[in-house]
Amino acid sequence: MTQNMKRITSLLFLGILIAIVAAGCSSKIKDVTLDKKHKPLPDYVLNSSEKIQETYILASTYPEVIAQVPCYCGCFAQDGHKSNLDCYINKMGPNNAVEEWDSMSIS
C-alpha cells in the first residue's frame, strides 16, 4: 500500500470514529416512561432525582442488558444480588414485568 493510500485510509477511519463518538455523545434520552405492564415506581424512587427515576425505568425496559452488568457494591452477601439488575428490580413476572422494585440503588 502506498503512503497516500495509508493516509487516506487512516483519515477515513478517523472520520468514521469521530462521527460515531459525536453521535454517542449527542444522544439524549427523551420521554422515558414506565411501561404499564410494570408495577408503578415506589415513593422512594418518585421522591428522588429525575436521573434516578430514569435509571429505574431504563432497568425495567432493558433488563437483559442491565443483567449483564456485575454488581460490585457488596450486596451479594447481604441480599444475594448477582447483577446490577438486582439492585433495581427485586422480582420480575411473566413478560419481564416488574412485580417488585428494589431500593438498593437509592442508597
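Residue indices begin at 1 and follow the sequence shown. No hydrogens, no waters, no symmetry mates; every other heavy atom, side chains included, goes into these values.
Atoms CE and CD1, on Met104 and Ile89 in that order, are 14.5 Å from each other to the nearest 0.5 Å. Of the inter-residue distances, the one linking Lys39 atom NZ with Leu34 atom CG reads 12.0 Å to the nearest 0.5 angstrom.
Counting all heavy atoms, side chain and backbone alike, Val45 lies closest to Gln53 at O-CG, 3.2 Å. Ser60 approaches Val98 most closely through the heavy-atom pair CB-CG2, 3.7 Å. Summarising the geometry of Cys87 relative to Ser105, their closest heavy-atom pair is O-OG, 3.0 Å, with the distance given to 0.1 Å.
Ser49 places a side-chain N or O within 3.5 Å of a backbone atom of Ile52 that can act as its donor or acceptor partner.
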Exercise for review: Give the intermediate values and the outcome of side-chain contact (heavy atoms from CB on, under 4.5 Å) for residues Leu58 and Thr55.
Suggested key: CA-CA 5 Å; Leu58 290 172; Thr55 306; 5.7 Å; no

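Not counting sequence neighbours, the partners of Tyr56 by the ring pair (Phe, Tyr, Trp, His ring centres under 6.0 Å) test are Tyr88, Trp101. Take Asp35 and apply the side chain to side chain donor-acceptor pair (under 3.5 Å) test, not counting sequence neighbours, and it matches no residue. Taking the side chain to side chain contact (heavy atoms under 4.5 Å, CB included) definition, one finds that Asn95 meets it with Lys37, sequence neighbours left out.
The salt bridge (Lys or Arg N to Asp or Glu O under 4.0 Å) analysis of residues 88-101, with sequence neighbours excluded, yields the pairs Lys91-Glu99. Counting only residues at least two apart or in different chains, ring pair (Phe, Tyr, Trp, His ring centres under 6.0 Å) contacts with residues 34-53 are absent.
There is a path of hydrophobic side-chain contacts, each under 4.5 Å, that joins Ile106 to Val32.
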Output a table of donor-acceptor pairs, distance under 3.5 Å, between side-chain atoms of residues 61-68 and any protein atom two or more places apart or on a different chain; print 'none' if there are none.
| unit_1 | atom_1 | unit_2 | atom_2 | d |
| --- | --- | --- | --- | --- |
| Thr61 | OG1 | Ile57 | O | 2.8 |

